[in-house]
Amino acid sequence: MSVEPNASGAAATPAPTDFVRDIVAQHVTEKRYAKIVTRFPPEPNGYLHIGHAKSICLNFGIARENNGQCNLRFDDTNPVKEDVEYVDSITTDVQWLIAGWADHCLGFKPKGAHPEAVTSNGRPDFFRAPVAPGANAEPFFASDYFEQIYGYAVELIKRGKAYVCDLSPEDTEAYRGAPDRPGKDSPFRHRSVAENLDLFTRMRAGEFPDGARTLRAKIDNSSPNMWLRDPLLYRIRHVAHHHAGDKWCIYPLYDFAHCLSDYLEGITHSICTLEFDAHRALYDWTLESLDLPRSLPHQYEFAKLNLGYTIVSKRKLLQLVQDKSVAGWDDPRMPTISGLRRRGIPASALRRFVTGVGVTKFDSVTDVAVFEHAVREELNASAQRRLAVLKPIKLVLTNIAPGEVLECDATNNPQDETPTTRKLALTREVFIDCDDFAEVPPPKYFRLKPGGEVRLKYACIIKCDELVKDSSGQITELRCTADLTTRAGGPNVDRKVKGTIHWVSATQSIETEVRLYDRLFTVPEPDADGEFKKHLNPRSLEVVTARLETSLGAATLAERFQFERLGYFALDPKDSAPGRLVFNRTITLKDAWAPKK
RNA sequence: UGCCCGAUGGUGUAAUGGUAGCACGAACGACUCUGACUCGUUCUGUCUAGGUUCGACUCCUAGUCGGGCAGCCA
């Protein structure tokens, strides 16, 4: 059985299986294809989100498990919605997600390349072979195929399978009928081939305004499948295209362009989400109607990812960005790939999660706990442990002299086989988190309380002797004595106390901004009532000024940290600058005690 | 009142006519210089009704429930 290494490279998990992979495996057994070729085909009209991550991992996963290839192709057939901003972000996100895992399967094409005229099985054909990503390569674009797709449309007309229709948008809709009522034929359905050819040529030449005419497939207006009721193949749009420029004023629709794009790239398995199930008949009809010389791609559908407490809809995410509910597409609270990355989620954790949820045709909602578990699992293995105090309260160790420094060895990662250590400075004044002290402790409180004892992690046991309050009754200082015999190497190092808390030296620590993120929505299914914005979590972001152990001043973007007892943190890649660090909390540690508070 | 797809513990999935398993979650316990991690115990399931079969989560029929389909969006 094939296995894949986890983050540490040590353990291994079995390769996933699911109904799509079963189909591919069957085809491999049959030697049906020389090579398995899949594709990830986003429209560049928004940022990629966690739902796309599932599709990316499915398509690239199948490619890598079968020594195949997966093309990144932009399905850019509707210029009015698309932009290069999205092309760039999507390309970045895909490469980030698959880096070190499936980048060797990623298919790009030579910059500026279009399909090549080739001979397949003795007949004229077009094909675009992939190249590896690099300086002279770029992703595939459906818009690079406009010339060929136009040619295929002409061929359909010649075969009597497509016609130019003059019906207005309103009439087109009225003629289509309804799911439970057959449509009726367009009055233009029986135009001659010659007339259709002439009209289609003139559509391309720009003789008609937007919406004046369309090219439609001639299939069956009484079909129970709405997509077979003479679907539109081309529409007129006098607008420039972000990739193809101003060369075209007619643009193919998804159903016509997608199957042909798959064909031109030699895709074997065209995997998409469930809502395209009804389109499959049209996908097949188009390809089969053209009598193409190479073997045809086939479409397979799976259920998209739904995640609890999360919204995955480009349109709704766009609303959050536009009304400034979040700071942008890459706000760390967003379920976008760029947001998750900025939050500090490792690509490996995202992959682990989306492959773990499986691939089925059942429209399910995955519990966010599964996602959070995957993130913690990765980070627990790899994150460096550090001490940091989010909401500091001053603690004076009265039996340590001012200026005295006691060195402590702190473990960097107890999960390592041979953990390394670093030095921490214990001084007379330290900070602890205010959550770790209670003047009136609740039942089963293990932390510091008046007269109580607690261990300062890596240092020693301390006892709280006295509270100092200001005139308003606010605690300003805790005065404690340190039992230095409980330090490492001391005679009482093994003395047990129930609680161990984190701390930092008041003098040997740095002050930085830390952003604490919580889930964006307060309910499991934010859009169940169609009013997702009403369920925004008002406390999804809390900014604190924290005290961090000094070593964190040298943190780098690539590093992941566990602030002990608090959670996993990483530098914010956008707002951190030398001398002004900003940390994001990626996720809290699991807390079995807190919910009982 | 059309057509298509689907339904397994609270959640997500596996079992492809032959022992209903795994993971998340929850509860309890052990361990612990992180109330983390780890370990142990426990919890909870095949939508319904018929049928085929020695045997059905699996196949068939009907029903129920959920999703999808009527953009010149993808």
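So that the names make sense, note that chain A is the first sequence line, chain B the second, and so on, each numbered from 1. These numbers come from the heavy atoms of this one structure, side chains and all, not from hydrogens, waters or symmetry mates.
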Note to self: Taking the C1' atom in each of B/U44 and B/U8, what is the distance between them to the nearest angstrom?
What the structure shows: 12 Å
Next item on the list: Check whether the ring centres of A/Phe276 and A/Tyr254 lie less than 6.0 Å apart, and answer yes or no.
Entry: yes
Next item on the list: Could you check A/Arg547, A/Lys391, A/His502 and say which one makes a side-chain hydrogen bond (donor to acceptor under 3.5 Å, both in side chains) with A/Asp433?
Entry: A/His502
Check: What string of B, S and - do you get for nucleotides 29-46 of chain B 5' to 3' if you count protein non-hydrogen atoms under 4.0 Å?
Finding: ----BBBSS---------
Next item on the list: Take atom CZ of A/Arg352 and atom P of B/C24, then tell me their distance rounded to the nearest Å.
Entry: 11 Å
Checklist line | 4.5 Å side-chain heavy-atom contact, A/His52 and A/Lys54 | finding: no
Next item on the list: Please step through side-chain hydrogen bond (donor to acceptor under 3.5 Å, both in side chains) for the pair A/Glu549 and A/Ser509, ending with a clear verdict.
Entry: CA-CA 5 Å; A/Glu549 65 168 85; A/Ser509 60; over 6 Å; no
Item checked: Whole-Å distance separating the CD atom of A/Glu525 from the C1' atom of B/G66 -> 12 Å
Item checked: Protein proximity profile, nucleotides 67-74 of chain B - base contact B, sugar-phosphate-only contact S, no contact -, cut-off 4.0 Å on heavy atoms -> S-SBSBBB
Item checked: A/Asp483: which of A/Thr485, A/Thr481, A/Thr486 passes side-chain hydrogen bond (donor to acceptor under 3.5 Å, both in side chains) -> A/Thr485
Check: Are the side chains of A/Thr273 and A/Phe302 in touch, meaning some heavy atoms are under 4.5 Å apart?
Finding: yes
Next item on the list: Determine the interplanar angle of the A/Phe146 and A/His241 rings, folded into 0 to 90°, and report it as parallel if under 30°, tilted if 30 to 60°, perpendicular if over 60°.
Entry: perpendicular
Note to self: Using the C1' atom as the point on both nucleotides, what is the distance between B/A74 and B/G68, in whole Å?
What the structure shows: 15 Å
Notebook entry, point to check: B/G25 P sits how many Å from A/Phe371 CZ, rounded?
Noted result: 14 Å
Check: Below 4.0 angstrom from OP1 or OP2 of B/U11, is there any side-chain N or O of A/Thr366?
Finding: no
Notebook entry, point to check: Given the C1' atoms of B/A14 and B/C54, what is the spacing between them in whole Å?
Noted result: 26 Å
Notebook entry, point to check: Expressed as a whole number of Å, how far does the P atom of B/U48 sit from that of B/A7?
Noted result: 14 Å
Notebook entry, point to check: Considering only the P atoms, how many Å lie between B/U42 and B/C47, rounded to the nearest integer?
Noted result: 26 Å
Margin query: Work out how far the C1' atom of B/G45 is from that of B/U11, and round it to whole angstrom.
Written below: 12 Å
Item checked: Interatomic distance, A/Leu307 CG vs B/U11 P [rounded to whole Å] -> 15 Å
Margin query: Would you call the rings of A/Tyr234 and A/Tyr150 parallel, tilted or perpendicular, taking 30° and 60° as the class edges?
Written below: perpendicular
Item checked: Spacing between A/Asp22 atom CG and B/A14 atom C1', to the nearest angstrom -> 11 Å
Notebook entry, point to check: Does any donor atom in the side chain of A/Tyr283 or A/Gln299 lie under 3.5 Å from an acceptor atom in the other side chain?
Noted result: no
Next item on the list: Return the value, rounded to whole Å, for the distance between atom CG of A/Leu305 and atom P of B/U11.
Entry: 16 Å
Item checked: Mutual orientation of the aromatic rings belonging to A/Tyr47 and A/Trp329 [parallel < 30°, tilted 30-60°, perpendicular > 60°] -> parallel
Margin query: In whole Å, measure the gap between the P atoms of B/G10 and B/A26 for me.
Written below: 15 Å
Item checked: Gap between atoms CG and C1', on A/Asp367 and B/A23 respectively (whole Å) -> 12 Å
Margin query: I'd like the P distance from B/U46 over to B/U52, given in whole Å.
Written below: 23 Å
Notebook entry, point to check: Counting a pair only when it is Watson-Crick or G-U and both distances are under 3.5 Å, which runs of at least 3 such pairs involve RNA chain B?
Noted result: B:2-7 with B:64-69, B:10-13 with B:21-24, B:25-30 with B:38-43, B:47-51 with B:59-63
Item checked: A/Arg385 and A/Asn413, any side-chain heavy atoms less than 4.5 Å apart -> yes
Checklist line | Nearest-nucleotide 5' precedence on RNA chain B, A/Gly356 against A/Asp277 | finding: A/Asp277
Note to self: Expressed as a whole number of angstroms, how long is the span from A/Glu372:CD to B/U11:P?
What the structure shows: 18 Å
Notebook entry, point to check: Base, sugar-phosphate alone, or nothing: which one does A/Ser223 contact when heavy atoms must sit under 4.0 Å apart?
Noted result: nothing
Margin query: Distance check, rounded to the nearest 0.5 Å: A/Phe431 atom CZ versus A/Ser505 atom OG?
Written below: 8.5 Å
Next item on the list: Please work out whether B/G68 sits syn or anti, treating a glycosidic angle within 90° of 0 as syn.
Entry: anti
Notebook entry, point to check: With a 4.0 Å cut-off, would you call A/Glu301 and A/Lys361 a salt bridge?
Noted result: yes
